[in-house]
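What follows is a short report on a single structure.
Each residue takes its place number in the sequence, starting with 1.
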Amino acid sequence: LEGGLKAVVSRNGRYPAIDGAYCPKCGHRRRVDIEHRHVDPTAELWHMVCRECLSTAIVVVYVSPSGKDVAILWSVHGGLSTANTPTSVVYYLDQAARADSVGARSAAVAMYRAAVEQLLYEQGYQTGMLNRKITELEAHQTNGGGPAWVHDLDPEFLRVLKDLGNGSIHPNGGDITRQAALDADLIVDVRATVEMLLELVYEEPKRKTQLKARLRASADVVS
Ligand SMILES: [Zn+2]
């Protein structure tokens, strides 16, 4: 299989994928099973199931204008979103994932940038364009303001997502060959960065709050 999906060879036609795939329902990379459905010289069709939540996807290996490529079409919404990602951010992540799943990588990068801007807006950075929002966040790192997670983030991650997103939609002097930089490997890195942000902003604080509440409840019993 192309496109980052690696499977071990199986005798019975079912293949457990080695490093899994991102499941939009679980909001995490999961072990998945894939099964051959159809193969001919120009295309392969696979059926994929998340081992955790049993969500299904159709995986198509096809010949794109730039060679062999893979499209993953999930039966559920979500893209990269996690359990506590707000719907306003989920919308752009879903758009990014759909563009990504058919190899429209410039479009996907533009939507990942939009998701990050929406995340900052939702977290209280509501003035100006993305650059202004990041500058405001950096000021909070200096003066101790803003949400707690701000102080655990290297703002360069936001700047680079902004620059990639801008580069994906700006005219670049009419030179579209520069868009080739937005390749499959880059998308894997962009996804990992967005995943890290969602974890930092929406999941980690929630887990810490729940852990504290459990500890406190037990402490109250014994003290
Ligand atoms: Zn799942």
Side-chain angles (χ1 to χ4, degrees), residues 4 19 22-24 26-29 78-101 104-173 175-176 178-212:
D19 38 4
Y22 190 89
C23 170
C26 292
H28 280 287
R29 185 164 282 277
L80 270 186
S81 71
T82 59
N84 297 295
T85 305
T87 46
S88 59
V89 179
V90 169
Y91 175 80
Y92 293 100
L93 294 173
D94 184 48
Q95 291 283 306
R98 287 173 194 234
D100 193 359
S101 71
R105 302 207 167 95
S106 296
V109 168
M111 287 297 102
Y112 281 124
R113 179 204 179 280
V116 167
E117 181 155 13
Q118 190 65 229
L119 176 152
L120 289 177
Y121 184 90
E122 185 275 324
Q123 289 288 306
Y125 297 95
Q126 301 187 344
T127 314
M129 309 279 279
L130 185 51
N131 189 51
R132 170 82 185 270
K133 294 179 170 76
I134 299 171
T135 306
E136 209 178 308
L137 183 145
E138 285 168 332
H140 278 155
Q141 291 187 322
T142 312
N143 65 25
W149 61 263
V150 162
H151 305 283
D152 296 323
L153 178 71
D154 179 350
E156 181 60 13
F157 283 115
L158 299 175
R159 293 226 168 265
V160 81
L161 287 177
K162 171 182 77 74
D163 292 344
L164 287 166
N166 289 353
S168 74
I169 52 170
H170 285 176
N172 296 328
D175 180 9
I176 60 156
R178 292 207 217 166
Q179 298 288 327
L182 308 175
D183 61 11
D185 290 340
L186 173 87
I187 290 279
V188 170
D189 288 343
V190 168
R191 267 193 236 130
T193 307
V194 173
E195 256 182 278
M196 181 196 72
L197 276 174
L198 297 175
E199 186 61 28
L200 178 74
V201 178
Y202 298 121
E203 306 308 318
E204 211 180 283
K206 192 129 188 165
R207 271 201 306 273
K208 284 181 181 167
T209 305
Q210 288 166 346
L211 176 63
K212 254 189 303 184

**Item:** Gln179 versus Ser106, side-chain donor and acceptor atoms under 3.5 Å
**Value:** yes
**Request:** I would like to know whether Asn84 and Val201 meet side-chain contact (heavy atoms from CB on, under 4.5 Å); could you show each step before the answer?
**Result:** CA-CA 9 Å; Asn84 297 295; Val201 178; over 6 Å; no
**Asked** About how many Å separate CG of Leu153 and CG of Leu158, when rounded to the nearest 0.5 Å?
**Response** 5.0 Å
**Request:** Determine which pairs satisfy salt bridge (charged side-chain N to carboxylate O under 4.0 Å, His left out) with at least one residue from residues 139-159, sequence neighbours left out, and list them in order.
**Result:** Glu138-Arg159
**Request:** Take Val109 and Ile169, measure what side-chain contact (heavy atoms from CB on, under 4.5 Å) needs, and give me the verdict at the end.
**Result:** CA-CA 9 Å; Val109 168; Ile169 52 170; over 6 Å; no
**Asked** Would Leu93 and Leu198 count as a side-chain contact (heavy atoms from CB on, under 4.5 Å) if you check the C-alpha gap in whole Å, the side-chain angles of each, and the deciding distance to 0.1 Å?
**Response** CA-CA 11 Å; Leu93 294 173; Leu198 297 175; 3.9 Å; yes
**Message:** Please list all pairs meeting ring pair (Phe, Tyr, Trp, His ring centres under 6.0 Å) that have one or both residues in residues 107-142, counting only residues at least two apart or in different chains.
**Reply:** Tyr125-His140
**Asked** Does a side-chain heavy-atom distance below 4.5 Å link Leu161 with Leu197?
**Response** yes
**Item:** Pairwise side-chain contact, Asn131 with Lys162, heavy-atom cut-off 4.5 Å (strictly under)
**Value:** yes
**Prompt:** So, for Asn172 and Arg178, which heavy atoms are closest and what is the spacing to 0.1 Å?
**Reply:** O-NH2, 3.9 Å
**Asked** Counting only heavy atoms not in Leu211, do more than 12 sit closer than 6.0 Å to its CG atom?
**Response** yes
Would you mind writing out the side-chain donor-acceptor pairs for residues 182-193 within the sub-3.5 Å range, not counting sequence neighbours?
{"unit_1": "Asp183", "atom_1": "OD1", "unit_2": "Asp185", "atom_2": "N", "d": "3.3"}
{"unit_1": "Asp183", "atom_1": "OD1", "unit_2": "Leu186", "atom_2": "N", "d": "2.9"}
{"unit_1": "Arg191", "atom_1": "NE", "unit_2": "Asp100", "atom_2": "OD2", "d": "3.0"}
{"unit_1": "Arg191", "atom_1": "NH2", "unit_2": "Asp100", "atom_2": "OD2", "d": "3.0"}
{"unit_1": "Thr193", "atom_1": "OG1", "unit_2": "Asp189", "atom_2": "O", "d": "2.8"}

**Item:** Residue among Glu203, Lys206, Glu195, Glu199 satisfying side-chain hydrogen bond (donor to acceptor under 3.5 Å, both in side chains) with Thr82
**Value:** Glu203
